[in-house]
Amino acid sequence: MSDTAHHGPAASLRRIRLIAGHTLGAALHQRLALLLAITGAALVLGARWLRDFNFGAAELKFIADFGLGAIGFFGTLLAALATAQLFCSEIESRAADCVLTRPVRRWEYLTGKFAGVVALLTLFVLTLVIVLGVVLAVRESQLGATLAPLPVFLQACALQWLKITLVAAMTLFVCSYAGSALFASCAGLLLALVAQLRGFAGGGSWAWLRVWPDLGLFDGEALLAAGHPASGGWLLSLAGYWAAYVLLFVALASYAFKRREF
Amino acid sequence: MHSNVANFRPALLGATFAVLVATAVVLRPLEQSLASTGGHVEQLAALAGRGGALAVLGGLRSVVAGGFWLQANLAWERRDAPATTALLGLTVAADERPLYFWLNGARMLAYDLPEWPLAAAPPAAVRQKVRADYARQALLFLEQGRRWHGAAAALLIEMGNIHLRRTGDLESAARCYRQAAELPGAPYYAARIHGELLRELGRPAEALAWLRQVLPKLPADDPAARRGVVLERIAVLERATNTK
């Protein structure tokens, strides 16, 4: 193969796509993703039977709240655990060495890994959103009531997806220098917790938290409770905020990974 | 020696922090325009160490709050006042959004809990003190609701009710009903009760002015507005104050 076949954006993209595909395949073989997806789906399906715990809100709102909560909660777990597991297992088994001895740049390897995890999270969210959508549609037809227009529901689910992919990017950054999957996944979850608490940071001694992204902005439940779609400008701004932090964490991870010694 | 962070260099730490600070500064205006609803540190502090904090942060607020509410009701059935109070606090800390928790929690505090120690028929002064203490607790609970949940006519009306029925503070009750009446979506009766309380406080002219101010906003075709009752009250007050 000529040298030019390894250079240029097209070649980079091809390599990233290959690594992403491989990562997604490996992730789907893991029991973790399946376990979390089944648990999440069971909880969403079981939301109707958890009505005994619903006092404060209308039933449809409770089901939607609970479903979105399950997507966010299990999605965050999957984002941190799967990213750490998929990345660190390849480092520990030396499989990454085989890839990196080929003409693959380290940032391409990392970006491919991240794209694979994002694909996994997309499948996870899509599966649970379909389950939640069916549960809500069935209950809506039984009650003869409507929770919120479909675009609002989809926007709320999209916010959950943005949130958990950002958690995956944070975890990837930790993975770039971490020595074990356990450390990386714990640190990833801790960073996600800090980002979730970020909204509570006022001034004073908590002001330093402001350097961290605010996961509270991706509040799908609030959007659903409002009942009307978010404005295009707001969504674009939020997507920009998300993209800026995802790029930042992937870039930082690439920087750290480039200097990593094997 | 194996280390989890052997590859983490001081230069990386410095670069990470510098880039994070720079990004935060650049994104600050964008973040402010997105207006995070944020949260209340007190809510987290209340939940800390009680279980459910992680689930609440993860988004499973409704079900966690529902669990606490059930436990609060079990404590209420056992007539365990400290446990009921604590669990009511946990319920609203887990999910501050439903008014149901705030209103029913305040009613438990104001009307149920003080009756339990009074079953032994203590002297009147003690009864009065116990009722006043619990009423104060209920009012503080609702005040917290106004801070966490945001302005809601129902919270102010409940505060007005407690002032009216438990503390006997008509002045405060009138203030609460007025504040409630001025909020969007307030029930019509809040304004009527405010007028009535002004009259009871011996300020008929003020009551008349208030009802005259309220009258144009009352739709004639809505029975809940009780326009006829307000017109009658205005007539009575006009006679009492000799104004027309």
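Within every chain, numbering begins at 1; the chains are lettered A, B, ... in the order of the sequence lines, protein sequences first and strands thereafter. These numbers were taken from a predicted model, which means no experiment stands behind them. These numbers come from the heavy atoms of this one structure, side chains and all, not from hydrogens, waters or symmetry mates.
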Chemist: Counting heavy-atom pairs under 4.5 Å with chain B, which one of A:Trp212, A:Tyr255, A:Tyr245 comes out on top?
Modeler: A:Tyr245
Chemist: Please look at A:Leu248 and chain B and tell me whether the side chain, the backbone, both or neither of the residue comes under 4.5 angstrom of a heavy atom of that chain.
Modeler: side chain
Chemist: Report the residues that fulfil ring-ring contact (aromatic ring centres under 6.0 Å, His included) with A:Phe87, sequence neighbours left out, ordered by chain and then residue number.
Modeler: A:Phe257
Chemist: Could you tell me whether the side chains of B:Tyr189 and B:Glu196 share a donor-acceptor contact shorter than 3.5 Å?
Modeler: no
Chemist: Charged N to carboxylate O under 4.0 angstrom, B:Glu143 versus B:Arg147?
Modeler: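 No.
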Chemist: Can you tell which of B:Val21, B:Leu70, B:Asn104 has the highest number of heavy-atom pairs within less than 4.5 Å of chain A?
Modeler: B:Leu70
Chemist: Give the interface residues of residues 78-86 of chain A toward chain B, defined by a heavy-atom separation under 4.5 Å.
Modeler: none
Chemist: Can you see whether B:Asn161 engages B:Tyr111 through a side-chain donor-acceptor pair at a distance of less than 3.5 angstrom?
Modeler: no
Chemist: The criterion is salt bridge (charged side-chain N to carboxylate O under 4.0 Å, His left out); which residues satisfy it with B:Arg97, sequence neighbours excluded?
Modeler: A:Asp65, A:Glu221, B:Asp95
Chemist: Quick one: side chain to side chain donor-acceptor pair (under 3.5 Å) pairs with a partner in residues 83-92 of chain B, sequence neighbours left out?
Modeler: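 Of all non-adjacent pairs touching residues 83-92 of chain B, none passes side chain to side chain donor-acceptor pair (under 3.5 Å).
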Chemist: Look at the aromatic rings of A:Tyr241 and A:Phe218 and report parallel, tilted or perpendicular, splitting at 30° and 60°.
Modeler: tilted
